[in-house]
Amino acid sequence: MRIATWNVNSIRARVDRVADWLVREDVDVLAMQEIKCKENQFPFEQFTAAGYDVELHGLSQWNGVAFASRLPMSEVTKDFENMPGFGVASDDGTLPLEARALGVTVNDVRLWSLYVPNGRELAHAHYDYKLRWLDALSADTRAWIAANPQQPLALMGDWNVAPLDTDVWDIQAFEGSTHVSAPERAAFDDFMDAGLTDVVRPRIPTGYTYWDYKQLRFPRNEGMRIDFILGSQPFADAVTNAGIDRNERKGDAPSDHVPVWVDLDVETEEDDDRPMFW
DNA sequence: ATGTCGACGAATCGTCGA
């Protein structure tokens, strides 16, 4: 089973490119981020034509997360426990929740599509929101693993954190910036403490997943590694291959992020339908 | 170079977010 994550930066602007990639790369399940639309605006037809069902969480033109899968999805969950909100408080003092987290179960593998808040600037309220959002997610993850130690789990998405200095093209250029600060990295490391590991880096030790559209960042290979698949031990044990598809940053109308994928050695329902020979 | 995108509402541009 091949599973991937991709910040598509508007699914309406890129649906043909995404659907082509799914078919070409034989992907079973794709977690998308920044779909930038509501459900009634989502281009379902191209996914259906390619053989994929879609689950999505989209509230506005901002953010938005989704799954496309050609295997059945169940236990669809929007948001996670104690997820913080952001924006203008309502009369009861609560902040609106954004569409940044969607969970599904496929073949008994629990998967989350996550779009971690950007943080904007270290002094911005969005940065505090980012840290609280990650803290609540790692707490929820820790509790889930404790309750489901045998079940494969993967948290996939745009983490907006570069865990290592080598995950940005010039760490000195990021002095005082978000994505590389000690609190963000500590919040990211908490997921390892909770029992997850980066299942891609052991196989793909170097390389970026994002290049800004501005300032010729891609031609100069001035990128950032901020998209990750973090798996629980049962998930990590099933991984047989991984990749970062840098080619998807090339050509006409690319997203500023590229897909990150893993192959899992798990029995799929497709496999159950194969003819048997004896 | 503040060097690009994509969303929106409004209008063929300004503004926001990344």
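All chains are named by letter (A, B, ...) in the order of the sequence lines, taking the proteins before the strands, and each is independently numbered beginning at 1.
- Salt-bridge annotation for A:Arg185 and A:Asp189: absent, with no side-chain N of the basic residue lying under 4.0 Å from a carboxylate O of the acidic one.
- Under a cutoff of 6.0 Å and an axis angle of 45°, A:Arg217 and A:Trp211 do not form a cation-pi pair.
- Here the P atom of nucleotide B:dG3 and the CG atom of A:Leu216 are 11 Å apart, to the nearest Å.
- To the nearest whole angstrom, the two P atoms, one in B:dT15 and one in B:dA10, are 14 Å apart.
- A continuous path of ILVMFWY side-chain contacts below 4.5 Å connects A:Ile145 to A:Met83, so both sit in one hydrophobic cluster.
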task: Spell out protein contact along nucleotides 5-18 of chain B as letters: B when the base is contacted, S when just the sugar-phosphate is, - when no protein heavy atom is under 4.0 Å; keep the 5' to 3' order.
output: SBSS-------BSB
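- Here A:Arg2 does not pair with A:Asp28 in a salt bridge; the nearest charged N to carboxylate O distance is not below 4.0 Å.
- Between A:Tyr213 and A:Phe218, the ring centre distance reaches or exceeds 6.0 Å.
- Spacing of P atoms, B:dG3 relative to B:dG14, comes out at 15 Å, to the nearest Å.
- Distance check on atom P: B:dA18 versus B:dA1 gives 27 Å, rounded to whole Å.
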query: So A:Trp6 and A:Val18, side chain to side chain contact (heavy atoms under 4.5 Å, CB included) or not? Walk me through it.
result: CA-CA 9 Å; A:Trp6 195 358; A:Val18 171; 3.9 Å; yes
